[in-house]
S.K.: 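Quick one: the structure is below, questions incoming.
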Number of protein chains: 2
Amino acid sequence: MPRVTEDHLAARRRQILDGARRCFARYGYESATVRRLEQTIGLSRGAIFHHFRDKDTLFFELAREDAERMAEVASREGLIQVMRDLLAAPDQFDWLTTRLEIARKLRNDPAFHRGWADRSAELSEATAQRLQRQKQAGRLRDDVPAEVLQTYLDLVLDGLVARLASGDDPVRLSAVLDLVEASVRQQ
Amino acid sequence: MPRVTEDHLAARRRQILDGARRCFARYGYESATVRRLEQTIGLSRGAIFHHFRDKDTLFFELAREDAERMAEVASREGLIQVMRDLLAAPDQFDWLTTRLEIARKLRNDPAFHRGWADRSAELSEATAQRLQRQKQAGRLRDDVPAEVLQTYLDLVLDGLVARLASGDDPVRLSAVLDLVEASVRQQ
């Protein structure tokens, strides 16, 4: 493929993803209709779905981008640092809220659940490996299985998103993360 | 008011609330339309809204009933026991999911936020008082302010609901609650 066409394709994909993220953030997962996606992205549905099969494929690709970025931080500095970064990015709260809005669909729609899990796998893997390394270095409490610690951190991440989405004070939530961090450490 | 009319009124209110709870549980907060409320409750909108002003008033009354029941448990046995009770009631998971679905509305709609907070106040109060008593009895860690512990427990409650709503294993989540319980105790 000639270079100019590749660049053009990449730019078009970027335009679609950025617009879709704004649309989901603004309207929420369910209410981000194809009509609204067209308006926010500035392209016709034909052009959009030429690049991404459907609304869910678009949504999963955004989740995958998030997971990739979060996995980099989780791998180096742990999942709690990922959460501290979320606290520091209030412009992302609207988008984060979509994580809560899909819970019912995750439970009731197996194909959607698989799609979401596939895209989030990178973050889970990075968190698991980091916990493993911390454990070997003797920095992790050893009276609780690593899987339980990982589920705990996943639960705290969802709880944090829920509190942010509902309008809780980030400063108070930051103090909570200190407590969470201490509670997974070797005492 | 004659006794028979009072009884009739109470039964009618009960019918409406039980039907509305099923409707919200099944369709989610946004998709529980007035049409669907009529069908699930088995009464016309005229009859329903004679007893409750609008959909939000109905929803808040259900939230108030929850908060009242949870506050009784929280007052005697703490908020973690409330969460253990949730884990043991899978038939409630669909209804619980509505707690997540209103996050965006809580943040963006001040009147809705006030209505919700008013109805949840009883639970917050019961949790605060129980934490106070536990602290006085020396059972609570004293290196972290009680408000931070309360925010932590609120966050864990929301996280737990999110994980249950997404289909996580209740047994694994129960082990997480053991860890949470230990992390608020005096070591």
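Model, not experiment: these values are computed from the prediction. No hydrogens, no waters, no symmetry mates; every other heavy atom, side chains included, goes into these values. A, B, ... follow the sequence lines: proteins, then strands. Residue 1 opens every chain.
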S.K.: Would A:Val34 end up clustered with A:Ile16 when hydrophobic side chains under 4.5 Å apart are linked, directly or stepwise?
M.R.: yes
S.K.: Go through B:Val180, B:Leu179, B:Leu173 and name the one with the most non-hydrogen pairs under 4.5 angstrom from chain A.
M.R.: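 Result: the option with the highest number of such pairs is B:Leu179.
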S.K.: Test of understanding: clusters of I, L, V, M, F, W, Y form through side-chain heavy atoms closer than 4.5 Å, transitively. Do B:Val82 and B:Phe93 belong to the same one?
M.R.: yes
S.K.: Quick check on A:Ala25 against chain B: is it the side chain, the backbone, both or neither that has a heavy atom closer than 4.5 Å?
M.R.: backbone
S.K.: Can you tell which of B:Ala175, B:Ala103, B:Ala162 has the highest number of heavy-atom pairs within less than 4.5 Å of chain A?
M.R.: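 Of the options given, most contacts go to B:Ala103.
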S.K.: Sort B:Leu177 into side chain, backbone, both or neither according to what part of it lies under 4.5 angstrom from a heavy atom of chain A.
M.R.: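 Interface part for B:Leu177: neither.
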S.K.: Under a 4.5 Å heavy-atom cutoff, which of B:Pro145, B:Gly28, B:Ala182, B:Gly167 has the most pairs with chain A?
M.R.: B:Gly28
S.K.: Is it possible for you to say whether B:Ile102 and B:Leu164 belong to one hydrophobic cluster, with membership spreading through side-chain heavy-atom contacts below 4.5 Å?
M.R.: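 No; B:Leu164 is not reachable from B:Ile102 via cluster members.
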S.K.: Relative to chain B, which segment of A:Leu157 carries a heavy atom at a distance below 4.5 Å: side chain, backbone, both, or neither?
M.R.: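 A:Leu157 has no heavy atom closer than 4.5 Å to chain B.
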S.K.: Hey, which of A:Leu100, A:Val176, A:Val144 has the most heavy atom pairs under 4.5 Å with chain B?
M.R.: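 Winner by heavy-atom pair count: A:Val176.
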S.K.: List, with distances to 0.1 Å, the donor-acceptor pairs found between chain A and chain B - the cut-off being under 3.5 Å and no angle criterion applied.
M.R.:
| residue | atom | partner | partner atom | Å |
| --- | --- | --- | --- | --- |
| A:Ala25 | O | B:Arg104 | NH1 | 2.5 |
| A:Asp94 | O | B:Arg104 | NH2 | 3.3 |
| A:Asp94 | OD1 | B:Arg107 | NH2 | 2.1 |
| A:Thr97 | OG1 | B:Arg107 | NH1 | 3.4 |
| A:Glu101 | OE1 | B:Arg104 | NH2 | 3.2 |
| A:Glu101 | OE2 | B:Arg104 | NE | 2.6 |
| A:Glu101 | OE2 | B:Arg104 | NH2 | 3.3 |
| A:Arg104 | NE | B:Glu101 | OE2 | 2.6 |
| A:Arg104 | NH1 | B:Ala25 | O | 2.5 |
| A:Arg104 | NH2 | B:Asp94 | O | 3.3 |
| A:Arg104 | NH2 | B:Glu101 | OE1 | 3.2 |
| A:Arg104 | NH2 | B:Glu101 | OE2 | 3.3 |
| A:Arg107 | NH1 | B:Thr97 | OG1 | 3.3 |
| A:Arg107 | NH1 | B:Ala165 | O | 2.5 |
| A:Arg107 | NH2 | B:Asp94 | OD1 | 2.1 |
| A:Thr151 | OG1 | B:Arg172 | NH1 | 3.0 |
| A:Tyr152 | OH | B:Tyr152 | OH | 2.8 |
| A:Asp158 | OD2 | B:Arg163 | NH1 | 2.9 |
| A:Arg163 | NH1 | B:Asp158 | OD2 | 2.9 |
| A:Ala165 | O | B:Arg107 | NH1 | 2.5 |
| A:Arg172 | NH1 | B:Thr151 | OG1 | 3.0 |

S.K.: Under 4.5 Å between side-chain heavy atoms, hopping through other hydrophobics if needed: is there a path connecting B:Leu87 to B:Met70?
M.R.: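 B:Leu87 clusters together with B:Met70.
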S.K.: So for A:Leu160, is it side chain, backbone, both, or neither that comes closer than 4.5 Å to the heavy atoms of chain B?
M.R.: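 A:Leu160 touches chain B through backbone and side-chain heavy atoms alike.
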S.K.: At their closest point, which heavy atom of A:Val156 faces which heavy atom of B:Leu155, and how far apart are they?
M.R.: O-CD2, 3.8 Å
S.K.: Give the cluster check for A:Phe24 versus A:Leu96: same hydrophobic cluster or not, with ILVMFWY residues linked at side-chain heavy-atom distances below 4.5 Å.
M.R.: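 Each belongs to a different hydrophobic cluster.
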S.K.: Listed by chain and number, what are the ring pair (Phe, Tyr, Trp, His ring centres under 6.0 Å) partners of B:Phe60, not counting sequence neighbours?
M.R.: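 Ring pair (Phe, Tyr, Trp, His ring centres under 6.0 Å) list for B:Phe60, sorted by chain: B:Phe112.
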